[in-house]
Structures are given as C-alpha cells and as structure tokens.
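In what follows, a single structure is set out as structure tokens and then discussed.
Naming: A, B, ... by sequence-line order, numbering from 1 per chain.
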Amino acid sequence: MAPVATPFFFYLLSGIMLIGGILVITRKNPVHSALALIVTLLAQASIYLMLYAPFVAGVQIILYAGGIMVLFLFVIMLVSIDRSMRERQFNSQWIPGIIAATALGGLFMAVFTKGNDIFPEHALPMVENDNTQQIAMKLYGQYMFAFEIASLLLLVAIIGAVVMAKKRI
Amino acid sequence: MTDQHSSLSNLDLETPEKPFLDANELVINMGPQHPATHGVLRVILRLDGEKVLGLECVIGYLHRGVEKIGEHRTYTMFNPYVDRMDYVAAVSNGLGYCETVEKLLNVEAPPRAQHVRVILTELNRIASHQLWLGTHALDIGAITPLFYTFRDREEILKIYEKYCGARLTTHAFRIGGLQYETYTGFEKEVKNFLDFFRPKIDEYEELLTTNRIWVERTKNVGTISAQDCIALGVTGPVLRASGVKWDLRKAQPYANYKNFDFEIPIGQNGDTYDRYLVRMAEMRQSVRIIEQAVGALPEGPIMAKVPKVMKPAAGEVYHSIEAPKGELGYFIVSDGSTQPYRVRVRPPSFVNLQALDVMCRGQLVADVIAVIGTLDIVLGEVDR
Amino acid sequence: MGQILDYIKSYLSSSQTPGAAGNMFWVLVYILLVFAGLSVAVIAMNWLERKILAHMQVRLGPMRVGPHGLMQPIADAIKLLLKEDIMPAEADGLIFWVAPFVVVLAAFTTFVVVPFGPTHAITDMNIGILFMLGVSSLSVLGIVMAGWASNSHYPLIGALRSSAQMVSYEVAMGLAVVSAILMTSLNAEGTGTLSMIGIVQAQLAQGEWFIFKFFPLGLIAFFIFAVAMVAETNRAPFDLAEAESELTAGFHTEYSGFRWSLFFLAEYSAMIAVSSIAVTLWLGGWLRPFPNFLNNSTWDLVFSLFPGVTFLLFAAMCFYNALRMPKHPLFRVQTIGLAGFGVVLGLIGLVLFIPAVSVRIQDIFWFSAKVAGFMYLYIWYRGTFPRYRFDQLMRMGWKVLLPMGLGVLILTASVALLQQKLWHQ
C-alpha cells in the first residue's frame with residue numbers, strides 16, 4: 001500500500017490553508033470570513049491525517065468545523081451585514097504588526113534551521129492503529145493534571161456564561 | 001366570578017416591548033400566503049430572536065363587502081350571501097340572519113322548522129369544530145388528525161347534501177322557516193351519524209389529549225384571562241375556556257334551545273389546552289342536543305306565514321346567536337322598503353382575532369401559530 | 001493488461017474491505033455500488049413514506065403514476081430536474097449555490113465507513129465512528145449557509161433553529177456513542193475500538209448486541225441516541241428547522257428545482273446514515289439474529305433463506321395486487337407493469353437462494369433490514385407526533401438527554417471496570 005502522505009498533498013493542503021487564512025482576514029463580509037476559516041480548519045484536519053493522527057483529525061472536524069464554527073456563524077449571522085461592510089477592515093497599526101510578524105517569522109526560521117537538536121530527526125514510530133489509545137494513555141496518564149486543569153477552566157467558563165445569561169431571566 | 005365581570009382589565013397594548021440588550025429587532029411578515037394563517041391573514045411580528053414582542057394583524061385581503069351588498073338586495077336575496085362569511089359554519093350564519101329578519105318581521109318559525117334548524121346548526125357546530133381540530137393539530141405538527149376529522153366531517157356534509165343539495169354554503173334556512181321538508185330517512189341518518197361519531201371523538205382525544213408533546217405545546221400557551229376576554233369582547237369557546245360560563249344558547253335562548261338539556265363546558269386557565277378541551281366537550285354536548293332534537297321531532301308545517309314581498313316596518317333590530325366560533329350578531333336597520341337600510345354583522349372571528357396580540361406577547365413564534373389555530377378564525381368572516 | 005487483471009483479482013482473496021486492502025479498482029466499484037444503492041434507497045423511501053403515511057391517514061397516497069404510484073418518485077425527480085432554478089435577487093450568490101452541495105457531500109461521505117458486512121464497506125477506518133459523527137456534523141454548515149444566503153427571514157430563523165438544535169443534540173448523541181464504544185473494550189486486552197467493523201465484531205465476540213448489554217444501560221444509551229438522531233436529521237417531531245406551519249419550509253424556503261431536490265436527497269441519506277450508526281453500535285450491524293446461540297449449520301441454512309424469502313414475499317404481494325387490479329382495459333398496462341415488477345422481484349428472490357450468492361448477500365440483507373426498521377420508525381413518528389416547540393426541544397436536549405447520557409456513561413464505565421476487575425482475579 002502506497003503511502004498517501006506525499007509531498008504533493010502536503011503542499012496542496014498547505015496552499016489551501018494559506019489561501020483560506022488570507023481570505024479570513026481580507027473578506028469584508030464576516031460570514032465569508034467564517035466560511036474561509038472552516039475551509040482552513042478542514043485542510044488542517046487533513047494535515048493531521050497525513051501525520052497519522054486520525055483521532056486528532058476527527059476531533060478537529062467535530063469540534064472546530066462542526067461545533068465551534070457553527071456557533072461562530074450563529075452569532076455572525078445575526079450581525080447586520082451592512083454595518084460591518086462599512087467598517088474599516090484594518091486598524092493601521094503597522095509598526096506593532098511588523099514587529100510581531102518579524103518576531104514570529106524569526107522564531108519559525110530558528111526552529112527550522114536549528115531545530116534538529118530539539119526535535120527527533122524521524123517521525124516517532126507511532127502506529128496508526130492504536131493512535132487513539134496512545135492519546136488516551138497520555139491524556140489520562142502523563143498529562144492528567146493538565147487535563148483536569150483545562151476542564152476546570154472550561155467549567156469556570158460555563159458557569160460564567162450561565163451567570164451572565166441568567167440575569168436576563 | 002362576579003368581580004371578574006365587574007373589574008376592568010388592565011390591558012396595555014400601546015407600550016412597545018424592547019428586545020433584550022440592543023439585539024436587532026426582527027420584523028417578520030407572516031402571511032398573507034403563509035401556510036398556517038388559515039387563509040389570507042397577514043401578521044406583522046416583531047421578534048427578539050424567537051420571542052414575540054408584539055404583533056399587528058393586517059386584514060382585508062378577502063374583503064367582499066358583504067355588508068354593503070346587503071343594502072342592495074331584498075331580505076330574501078341577501079340570505080345566501082351570509083353563508084359566504086364563515087363558510088365552514090354556513091348553516092349557523094343562515095340561522096342568525098333568518099332569525100334576525102324574523103324578529104324584524106315579528107314572525108316565528110313553526111316548531112318543526114325550529115327543531116330541524118337546531119339539528120342542522122348543531123351538526124354544523126360539530127363540522128366546524130372538526131375542521132378547527134384538524135387544522136389546529138396540523139399547525140402544531142400532528143398531521144394525521146386532519147384526515148380523521150375530514151373523514152368524519154364528510155358524513156355531516158352528506159346529510160346536508162341530501163337535505164338541500166349543497167355541502168358547504170348550504171342556504172338551508174329561509175326567513176320564516178324552511179323551504180325543504182326533511183327527506184325520507186333523515187332522522188335515521190342523523191341518528192346513525194351520532195352513533196358513528198361518538199366513538200370518533202374518543203379517537204381524536206386518544207391521539208391528542210394525553211399526548212405529551214401536545215400537552216406541552218398547548219398548556220400555558222396563549223393564556224388569556226376572563227377580564228381580558230370581556231374587555232376585548234371575545235366570545236365563544238375562547239371566552240368559556242377562560243372560565244366564563246357564557247353561552248347564548250343558555251343566556252338568551254333562541255330557536256328552541258331552552259327545550260333541550262345540555263351543559264356549557266368551561267375551562268379554567270384560558271390556555272390553548274383548555275380551549276381544546278372545551279371544544280371537544282362542546283362536540284359531545286352537540287351530539288346530546290341533536291339526539292334530543294331528533295328524538296322529539298314534531299310534525300307540522302315548516303314555514304310560517306310570511307309575505308311574499310317583505311317590507312318590515314321601519315326600525316332596527318339586533319339579534320345574536322351562538323355560532324361555533326362565538327357570538328354571531330346581526331344588526332339590521334329597516335326603512336320600511338324591501339331592502340335593508342343597513343346590515344351590520346358582528347362576526348365572532350373578527351372580534352376574537354383582536355385577542356391575538358394579548359395572547360402572543362412574550363411567547364415564541366411557534367406559539368403564534370398555535371394561538372391563531374386555537375382562536376379558530378375564518379378569514380371570510382373576519383374580512384366579510 | 002494481465003497486470004491489471006491480477007490487480008483486480010488480488011483483492012478477491014483478501015478478507016478486508018477494499019479501502020483497507022488499498023485496491024483502487026474495488027474501492028471505485030464499491031463507491032459506485034454504495035451510492036447507487038443509496039439513491040435507490042432514497043427513491044424507495046420517498047415512495048414508501050408517502051404510501052405508509054397515507055395508509056396511516058386513511059387515504060391511498062400516490063396511485064396514478066404507475067401501479068400503486070410506483071413510478072411517482074421518478075416522475076417527481078423529472079419534475080424537479082426540469083423546474084426553474086430560482087435564486088433570490090438579494091441572495092449571496094456563491095454561498096447560495098454551494099450550500100446544497102455541502103449538505104449532500106456531508107450526507108454521502110459518511111457512507112464511506114458504513115459496514116454492510118465484515119468486508120462490505122468502502123473502507124474501514126480506525127476512527128470510523130468519529131469520522132461518521134464528524135462528517136455528518138458538517139451538514140449543519142450547509143444548512144446554516146443556505147439559511148443565511150437566502151437573505152430572507154424565514155430561512156434565517158430556520159437555519160438558526162437547526163444549528164442550535166444540531167449542536168445541542170450532538171452532545172447527547174456523542175455521550176450515548178461513547179458509552180457504546182466503552183462496551184467494545186470488554187475483551188481480554190481491555191482495549192476498545194472506534195472502527196465501525198470492529199464495533200460489530202466486538203458484539204459478535206461478546207455474544208450480545210450492545211442494546212442488551214448491562215441491561216438496561218445499553219437500552220438507555222440506545223434510546224438517547226434514537227431520540228437524538230431524529231433531532232439530528234431534523235425530522236418530526238423535531239422538524240422545527242423546516243416546520244411547515246411555522247416557517248413555511250425553513251432553511252430551504254427559497255430553493256427550487258434541482259437544488260431543492262439536493263436538500264431532499266441529503267435529508268434522506270442523512271436519515272439512513274444515522275440509522276446505520278444506531279444499527280452498527282447497538283443492533284449488531286450485519287449480524288443475523290442469534291449468531292452465537294443458534295450457531296449450527298441447520299440454523300445457518302435457515303437464516304440464509306431469509307433474503308430470498310423476503311423478496312419472494314414482495315413478489316407475491318405484487319402478484320396479489322395485480323390480481324386485485326380493476327378488470328378494465330384502461331388498467332391493463334398497470335396490471336402488466338405490476339406483474340412484471342413482481343416477476344423481477346421474484347427472480348431476484350430466486351437468485352438469492354443460490355448458496356454462493358446468499359452467503360455473500362446475507363450481511364447486507366440483515367443490515368438493510370435493520371436500517372429499514374428505523375426508516376419505518378421515522379415515518380411512524382411523522383404520522384403520530386405533534387411538533388416540539390423550540391424551547392422544549394432545547395430543554396429536552398440539555399436537561400433530559402444530556403444528564404441521562406452522562407449517567408449512563410458513568411454507570412457503564414463503572415460496571416465495565418468492575419467486570420474487568422473480576423476477570424483479572
């Protein structure tokens with residue numbers, strides 16, 4: 001069985017992601033932006049698949065594309081399009097923007113050129129078939145504490161949202 | 001009860017309600033081509049999300065000027081026109097008109113005619129309630145009861161067809177009595193229908209009365225208090241479901257309703273579920289009345305002595321009957337000529353429709369549909 | 001040429017799905033077969049829904065086009081294809097055009113992993129069930145896009161309703177699914193599986209359908225899923241997104257012709273897809289009744305007769321109704337047509353009696369029969385229930401099904417753990 005993870009697919013998906021990302025910030029209509037973001041997220045899920053991480057890809061589709069983005073759209077749809085079309089798209093903060101972009105780019109370049117020491121040279125021998133189990137083991141074993149902290153954070157957010165919404169009733 | 005009648009309601013329909021935070025208020029045009037507005041009613045809804053902040057009815061899409069037509073027809077000629085107002089209860093319309101003119105002429109229909117009139121109008125009440133039930137259930141999403149009620153309504157229409165040749169706009173009564181003697185086997189067929197129909201009411205109730213979804217959709221939906229009903233002039237099953245025992249058949253007996261033994265079903269909460277129960281109970285009561293009337297159908301003439309050319313003395317008269325939808329009143333002014341000077345109809349649908357705003361405020365869009373259904377309006381009568 | 005033939009033949013000896021074996025030719029064949037079968041199923045479903053609903057409502061349903069209206073779906077399809085494709089002037093063009101395709105794509109793609117048999121699936125993924133839930137959750141995007149792009153109030157409200165509804169019910173649905181997946185881990189190694197085929201094989205290995213597992217836990221989880229899946233597919237009594245009496249037609253109010261038919265197609269394939277999930281997770285997928293209990297060659301033979309007998313029954317129904325047709329020259333074509341249809345069904349039934357065929361077709365038959373049961377339930381619901389109101393729907397999703405799902409999940413996990421402990425002692 002020939003591997004699917006050929007460079008062609010990598011460049012194709014990266015291209016889709018980049019185009020989608022650019023569309024997200026250049027579209028004036030927020031609904032178009034959100035849809036472009038969904039395309040980006042789906043392409044990202046495919047890249048996860050290429051990395052032999054099917055579980056992460058599945059979760060990415062369910063949570064981001066299917067769940068969070070729907071809620072995004074839910075809110076955006078109620079916004080008056082006319083008003084958002086008139087608003088300025090960029091806030092002209094060129095200097096901080098350039099600094100941030102340079103810093104991030106520098107970081108990426110550093111990782112790319114000097115990263116061989118930090119990251120292993122080859123992909124980890126992660127077998128596709130027990131990928132889900134591996135994640136479960138890591139999540140509920142090694143990173144249990146972090147996992148619980150994250151869930152606590154989410155619980156706080158839920159309670160906060162309920163309290164804010166409750167005022168209305 | 002008495003303080004309910006005396007105290008005025010504190011209705012305030014002028015102050016607009018504001019949406020939550022500064023969310024956009026959504027204005028929706030429901031109708032006139034909406035599948036659930038029972039014809040050509042147009043409702044302009046102001047919504048906050050799905051919550052109704054207020055609404056306004058726009059009517060007149062079916063206006064045919066029935067009242068104006070009445071001024072240019074003789075009393076006899078106008079009779080068929082009234083059937084076209086509430087076309088699902090045409091017989092009741094005819095009864096109201098005929099009795100009003102009889103009052104103006106000071107004649108009274110003979111007992112046999114009155115009995116037949118009661119039988120036919122009560123059959124009509126059942127037919128009207130059946131149609132209401134079917135469409136109301138359809139609005140709430142239960143599609144099957146519609147076919148059951150139409151199947152059974154067919155039997156009533158068959159009786160009409162045999163009696164006077166028409167099924168919907170029957171023109172069954174004449175001023176002063178009836179034109180047609182009952183056909184052979186009329187009594188037997190009506191009795192057969194009653195035997196056939198009694199288990200059918202149970203069948204409808206089985207489908208809906210204890211259905212969880214039905215109860216959730218109708219309980220505490222479109223609630224209206226007795227005071228508000230009275231302040232708005234709402235009558236019929238809607239008023240009775242709010243707990244007011246007001247039925248013109250008992251309160252101001254017309255035809256010969258005082259000879260029959262029946263009860264006025266009332267509700268307590270004035271919500272959609274109570275209105276449903278009241279109408280179901282009314283169907284059972286109608287069966288009771290018809291049974292008594294058919295059992296004691298007197299012999300005798302069917303037409304009183306009325307002049308060929310009717311020229312009632314100048315004057316005015318108001319007479320109202322309990323139509324299936326509420327108080328149906330006719331106000332006729334005569335100037336002594338062959339044509340009425342003015343005919344004014346007090347249509348129950350139009351008056352009941354005024355309660356829509358009160359009943360829908362603060363409810364959801366889905367409830368508006370349920371409330372329009374439960375008010376049981378016929379646009380032909382609202383617009384006339 | 002010989003190489004290609006060898007390539008094609010090489011799959012026949014493998015005992016995997018074509019996708020897992022990586023044989024492109026057979027993958028293509030399977031894709032074509034599945035989607036052709038799906039289209040036929042949607043057409044049949046269209047006819048059956050109208051007929052069954054009609055008989056529930058004391059009427060006959062379509063009777064004119066073909067004998068007993070058998071050709072009605074085809075006539076409808078032609079009508080829809082020939083209709084004008086209308087786009088509102090103020091609509092958002094691109095999104096309006098794309099939306100139906102997104103919905104159809106999402107509904108069809110899920111069938112990639114549906115296991116009609118141990119080898120009868122396009123492919124087997126190790127995240128099969130996750131893939132199905134994920135892709136089917138994408139269809140809500142299409143609905144939201146359609147509702148918003150129509151630039152009209154009723155579709156917008158319909159889209160808002162359906163997105164809120166689908167996102168809410170996905171949570172309860174997910175919990176029910178997780179509790180079923182948890183049951184697959186009750187084996188010696190203690191590891192479960194997300195693969196659709198693996199789930200069914202786990203049921204075979206454990207000797208019972210998961211609906212009966214840890215009674216009543218499996219049943220409750222199944223019940224939660226069965227409710228949530230009706231809400232997921234926007235069908236009665238949860239059809240608020242397209243509530244005809246409230247929102248005219250909901251999100252597809254402004255659509256017509258071919259694009260509307262795509263929504264229709266997507267709705268019915270989504271119904272089949274979620275029913276397939278339910279069948280796979282709780283009702284033993286392709287397994288015939290009592291695969292372990294009545295496990296000898298006699299019973300194998302008896303159960304292998306079922307597909308053929310079913311088709312013969314259909315054929316007999318056709319012949320019976322052909323005999324009942326009015327004996328009038330005008331009905332001659334219809335009578336012959338019905339009898340001809342019966343002959344075709346009967347021939348299919350006879351072919352299914354050939355042992356070589358019946359062995360291969362059995363799995364597909366049992367799977368389809370179970371899914372068909374769910375399809376009947378869908379129709380039955382529609383004929384019986386009034387529609388829920390939006391707030392009631394939400395309350396049921398969040399306050400009834402979600403706590404129930406959580407409780408079932410925790411209980412299932414505890415019982416499973418207990419059983420695991422007992423095993424290791």
Side-chain angles (χ1 to χ4, degrees), chain B residues 24-31 33-38 44-47 49-51 134-152 154 200 203 206-209 211-221 272 276 363-370 372-373, chain C residues 49-50 52-61 147-148 151-165 227 230-231 234-250 253 379-396 399-400:
Chain B
N24 282 343
E25 186 182 297
L26 197 62
V27 178
I28 275 199
N29 226 334
M30 194 180 260
Q33 296 135 314
H34 190 278
T37 52
H38 291 229
I44 301 172
L45 292 169
R46 291 195 300 113
L47 301 177
E50 291 241 353
K51 197 179 145 216
T135 50
H136 183 39
L138 182 69
D139 289 347
I140 292 187
I143 48 178
T144 307
L146 178 77
F147 296 96
Y148 287 14
T149 56
F150 267 65
R151 174 194 61 190
D152 306 335
E154 191 64 23
K200 298 292 177 198
E203 196 178 307
E206 217 166 274
L207 271 172
L208 297 173
T209 306
N211 187 324
R212 238 186 96 91
I213 305 178
W214 178 262
V215 174
E216 276 189 36
R217 277 302 303 274
T218 51
K219 271 238 163 97
N220 296 322
V221 167
T272 305
Y276 159 75
Q363 311 256 348
L364 303 173
V365 180
D367 295 332
V368 177
I369 304 299
I372 291 176
Chain C
E49 174 158 31
R50 294 165 82 166
I52 295 174
L53 209 55
H55 285 282
M56 282 177 182
Q57 297 171 342
V58 291
R59 58 196 174 93
L60 289 173
W148 179 81
N151 202 357
S152 164
H153 284 319
Y154 285 120
L156 183 67
I157 292 184
L160 286 179
R161 280 183 176 188
S162 82
S163 54
Q165 173 182 340
V227 175
V230 181
N234 287 327
R235 291 279 302 184
F238 303 110
D239 55 344
L240 295 121
E242 41 201 272
E244 190 181 308
S245 55
E246 293 158 29
L247 305 177
T248 51
T253 305
I379 300 170
W380 196 0
Y381 294 157
R382 195 175 161 204
T384 318
F385 291 132
R387 186 179 300 116
Y388 264 109
R389 204 173 58 202
F390 190 64
D391 58 327
Q392 291 161 352
L393 176 93
M394 282 298 171
R395 199 183 319 138
M396 185 152 130
K399 289 190 179 168
V400 180

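- Shortest non-hydrogen contact noted between C:Thr384 and B:Thr144 is N-OG1, 4.4 Å.
- When all heavy atoms of B:Tyr148 and C:Met56 are compared, the pair lying nearest together is OH-O, 3.2 Å.
- Remark: B:Arg212 CZ to C:Phe385 CZ distance equals 11.0 Å, nearest 0.5 Å.
- Across C:Gln392 and B:Glu216, no two heavy atoms sit closer than the pair NE2-O, 2.6 Å.
- Among the candidates B:Leu208, B:Ile143, B:Val368, the residue making the largest number of heavy-atom pairs closer than 4.5 Å to chain C is B:Ile143.
- For C:Arg389, the parts lying near chain B are the backbone and the side chain together; criterion is any non-hydrogen pair under 4.5 Å.
- B:Ile213 approaches C:Pro237 most closely through the heavy-atom pair CD1-CB, 3.9 Å.
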